[in-house]
**Q** 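Got a structure for you, written out below as structure tokens; questions coming shortly.
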Amino acid sequence: MSQDGAQGRYAGRALAGGRYQLRDLLGEGGMASVHLAYDSVLDRQVAVKTLHTELGREQAFRERFRREAQAVAKLTHTNIVSVFDTGEDDVDGMTTPYIVMEYIEGRPLSSVFDADVQQFGAMPADKALKITADVLAALEISHEMGLVHRDIKPGNVMMNKRGVVKVMDFGIARAMQSGVTSMTQTGMVVGTPQYLSPEQALGRGVDARSDLYSVGIMLFQLVTGRLPFDADSPLAIAYAHVQEEPVAPSSINRALPPAVDALVARALKKNPNERFPSAESMRDECLRVAASFQAAPPSIVPGAQTQHGQGVGASVFPPVGQTPPPSGPVQTPYQQAPQTPAPNPYGTPPPSMPSPAYGYPQQPGFQTPPPASYSPQPGHATPPPYTMSPQQRPGSGGGKSNRPVIIGSIVVSVLAVGGLIAALTLPGGGTEETGGTGGSTATASETKSKAPGYRAGDSGDTVETTECTEPRESYRDPEQVQMPDFSFKYWPSVVKCLDAAGWDYKKVDVNENTFGDGTIMRQSPSARTDMDPDDPPELEFQVSTGNPE
């Protein structure tokens, strides 16, 4: 639906029995429209997000959305857009879920980024690191409540007129991953391909560290002016997240110190266990790095390459004339009609947002280099399966058949499509397998009955026993150690760890089927709390049953 169409459809409408009077259309995306509205009860302006018809058709999604909105409403932080209310109303005979949010007078980070790219070629590194730290501060709060955002990107980050960062759309991506069938049928995007973590792309269960990967992608984009992985199809981008290594940001922006390269490299590790353990630790590193170097304007290398992935797209979906097209269109969960950039979700941006703290001169004659083709990086362990010699390329004069390349590409595409579809069709996007036992502890899924909607946990998300037998020393008291972080770990592996250290513990079952059976939702004492290793307190863990609430 066009912006004018949405404007006409909702103009003058009211929701919640007339309480929220919809006014100007502020923006529209693939799954929702945002209106400026007047709250007649509290006499204030608010932003009302109405979800599109496709999402409102199914009761399962509406119920999930309602519960997620209630959870998000409990998030209170300077860097989080507040949620005031949620509900559903009838619009033109269709049930329409809506959410009422704090109205932010400002513009999205994507708009601020575009302005910096036009002026400098990229966002100044100190500015980007401070914005990233504020985003991580918001995620720290949500992760403490067990809420993973799943769709961190510049378009979901607002900056108000005073430059305060505000993260929005918590809970919507999680609600959309509740097994709603219409989304896979209509090609609705769940998460944005350019910012997906490898585990999201593979359809595995996600935890807080998935958000940290997305933050790493965003930081790379801010400081270089481009994405680390880009390609001609969403499937090729997802493949790159799983298989390819990003280039160092300093190979694109020479003004970046090695500390920024190291920070981004850690955030973008394929294995979640190798990333930062928490949003708090990554935020601390962002602030430390920001304070460790002299601010300088970006210095973009003309023609510098990222992993563009053109070879991936050409292999999975060969150009017409090189190989016969398949008998029917290849459907992926991310296919959608071409879209123009979404307008500012919160109104017309001001003419400019002054940044007196940065004041960098514009690079003379700067021009954004065109996207470059894929170039294998030094040290890449596994050559991409789509690499072809000149004699093997379709249409070349060589006598060798390219059939093995085509067959291999088809296998890769089928596996990738299967993983992506699994991410959308399985509740919560996780695996149905369960793992081993901890001592005499039975496999998590065998210890309880399975209610309708039951979901198994991710048995691969384990903790090493050394986390308990050799815990980190306290920063404050050399006689004490830090409580390990067991968040979202698989319970049997945690039992092994606790038993190895001889620590007493108590397990409390919690009904939830988003993360799955055996997943630790909360722990007490909290992670990184100082304790005496010879006389530890009794530990308590809230562990998912995999059954719905």
Side-chain angles (χ1 to χ4, degrees), residues 6 9-10 13-77 79-104 138-139 141-142 145-152 155-158 166-180 182-183 188-191 345-346 427-428 512-514 548-549:
R9 179 183 177 190
Y10 292 104
R13 298 292 182 90
L15 301 175
R19 174 174 179 176
Y20 303 112
Q21 300 168 14
L22 303 186
R23 295 179 175 174
D24 297 335
L25 176 68
L26 300 179
E28 185 178 21
M31 66 182 184
S33 300
V34 182
H35 282 78
L36 174 64
Y38 172 68
D39 182 349
S40 60
V41 173
L42 296 180
D43 187 27
R44 63 179 177 182
Q45 287 186 322
V46 293
V48 175
K49 175 169 286 191
T50 53
L51 299 185
H52 292 333
T53 304
E54 293 82 0
L55 300 176
R57 287 175 178 166
E58 299 191 34
Q59 177 62 34
F61 171 76
R62 298 201 304 270
E63 178 60 24
R64 168 70 69 170
F65 178 75
R66 182 186 64 81
R67 296 209 310 265
E68 292 302 329
Q70 289 176 343
V72 175
K74 298 175 184 177
L75 298 177
T76 303
H77 191 269
N79 299 122
I80 297 177
V81 174
S82 299
V83 171
F84 299 142
D85 193 10
T86 185
E88 54 187 55
D89 212 332
D90 183 88
V91 177
D92 295 337
M94 292 290 186
T95 301
T96 303
Y98 65 86
I99 184 169
V100 182
M101 304 175 293
E102 172 187 7
Y103 173 62
I104 306 296
L139 291 175
I141 299 300
S142 73
M145 296 184 61
L147 191 61
V148 182
H149 191 288
R150 287 174 167 80
D151 196 20
I152 289 293
N156 278 338
V157 178
M158 293 290 298
K166 296 276 189 176
V167 182
M168 61 182 181
D169 278 0
F170 281 94
I172 289 183
R174 174 170 162 175
M176 291 181 67
Q177 288 185 329
S178 59
V180 180
S182 65
M183 290 182 295
M188 189 67 66
V189 174
V190 180
Y346 284 117
E512 74 84 46
N513 64 344
T514 298
E549 298 176 8

**Q** Can you find a pair of side-chain heavy atoms, one from Leu147 and one from Val72, that are under 4.5 Å apart?
**A** yes
**Q** Report the distance from atom NE2 of His77 to atom NZ of Lys166, rounding to the nearest 0.5 Å.
**A**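 Result: 9.5 Å between the selected atoms.
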**Q** With heavy-atom distances below 4.5 Å as the criterion, would you say the side chains of Asp24 and His35 are in contact?
**A**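 A side-chain contact is absent here, since even the closest heavy-atom pair is not under 4.5 Å.
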**Q** What are the two closest heavy atoms between Ala16 and Tyr98, and how far apart are they?
**A**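 So the two residues come closest at CB-OH, 3.2 Å.
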**Q** Side chain to side chain contact (heavy atoms under 4.5 Å, CB included), that's the test. Do Ser33 and Lys49 meet it? Break it down for me.
**A** CA-CA 6 Å; Ser33 300; Lys49 175 169 286 191; over 6 Å; no
**Q** Passes side chain to side chain contact (heavy atoms under 4.5 Å, CB included), Ile104 versus Val81? Steps please.
**A** CA-CA 8 Å; Ile104 306 296; Val81 174; 4.2 Å; yes
**Q** What's the separation between atom OG1 in Thr50 and atom OH in Tyr20, rounded to the nearest 0.5 Å?
**A**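 The OH atom of Tyr20 is 14.0 Å from OG1 of Thr50, to the nearest 0.5 Å.
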**Q** Show your working on side chain to side chain contact (heavy atoms under 4.5 Å, CB included) between Met145 and Lys74 and close with a plain yes or no.
**A** CA-CA 9 Å; Met145 296 184 61; Lys74 298 175 184 177; 3.6 Å; yes
**Q** Examine Arg44 relative to Phe84 and say whether NZ or CZ is less than 6.0 Å from the centre of the six-membered ring and inside a 45° cone about the ring axis.
**A** yes
**Q** Quick check: do Ile141 and Phe170 have side-chain heavy atoms less than 4.5 Å from each other?
**A**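 The answer is no; the side chains never approach within 4.5 Å.
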**Q** Holding to salt bridge (charged side-chain N to carboxylate O under 4.0 Å, His left out), I want the full list of residues that pass it with Asp85, two or more places apart in sequence or in another chain.
**A** none
**Q** Are any side-chain N or O atoms of Ser82 and backbone N or O atoms of Met101, one a donor and one an acceptor, separated by less than 3.5 Å?
**A**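 Answer holds: no.
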**Q** A side-chain contact here means heavy atoms from C-beta on lying under 4.5 Å apart; do Asp43 and Tyr38 qualify?
**A** yes
**Q** Between Arg13 and Asp89 (salt bridge meaning N to carboxylate O under 4.0 Å), is one present in this structure?
**A** no
**Q** Are Ile80 and Met168 close enough, and set up right, to give a side chain to side chain contact (heavy atoms under 4.5 Å, CB included), and what steps lead you there?
**A** CA-CA 6 Å; Ile80 297 177; Met168 61 182 181; over 6 Å; no
**Q** Tell me whether Asp39 contacts the main-chain N or O of Val41 through its side chain, where contact means a donor paired with an acceptor under 3.5 Å.
**A** yes
**Q** Going by side chain to side chain donor-acceptor pair (under 3.5 Å), name the residues that satisfy it together with Asp90, two or more places apart in sequence or in a different chain.
**A** none
**Q** Does some side-chain heavy atom of Leu36 sit less than 4.5 Å from a side-chain heavy atom of Val48?
**A**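 Val48 vs Leu36: side chains apart.
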**Q** With side chains defined as the heavy atoms from C-beta onward, is the minimum distance between Gln21 and Ser40 less than 4.5 Å?
**A** yes
**Q** Considering all heavy atoms of both residues, which atom of Leu25 and which atom of Val34 are nearest to each other, and what is their separation?
**A** CD1-O, 3.5 Å
**Q** Using the test side chain to side chain donor-acceptor pair (under 3.5 Å), find all partners of Asn79 that sit at least two apart in sequence or belong to another chain.
**A** none
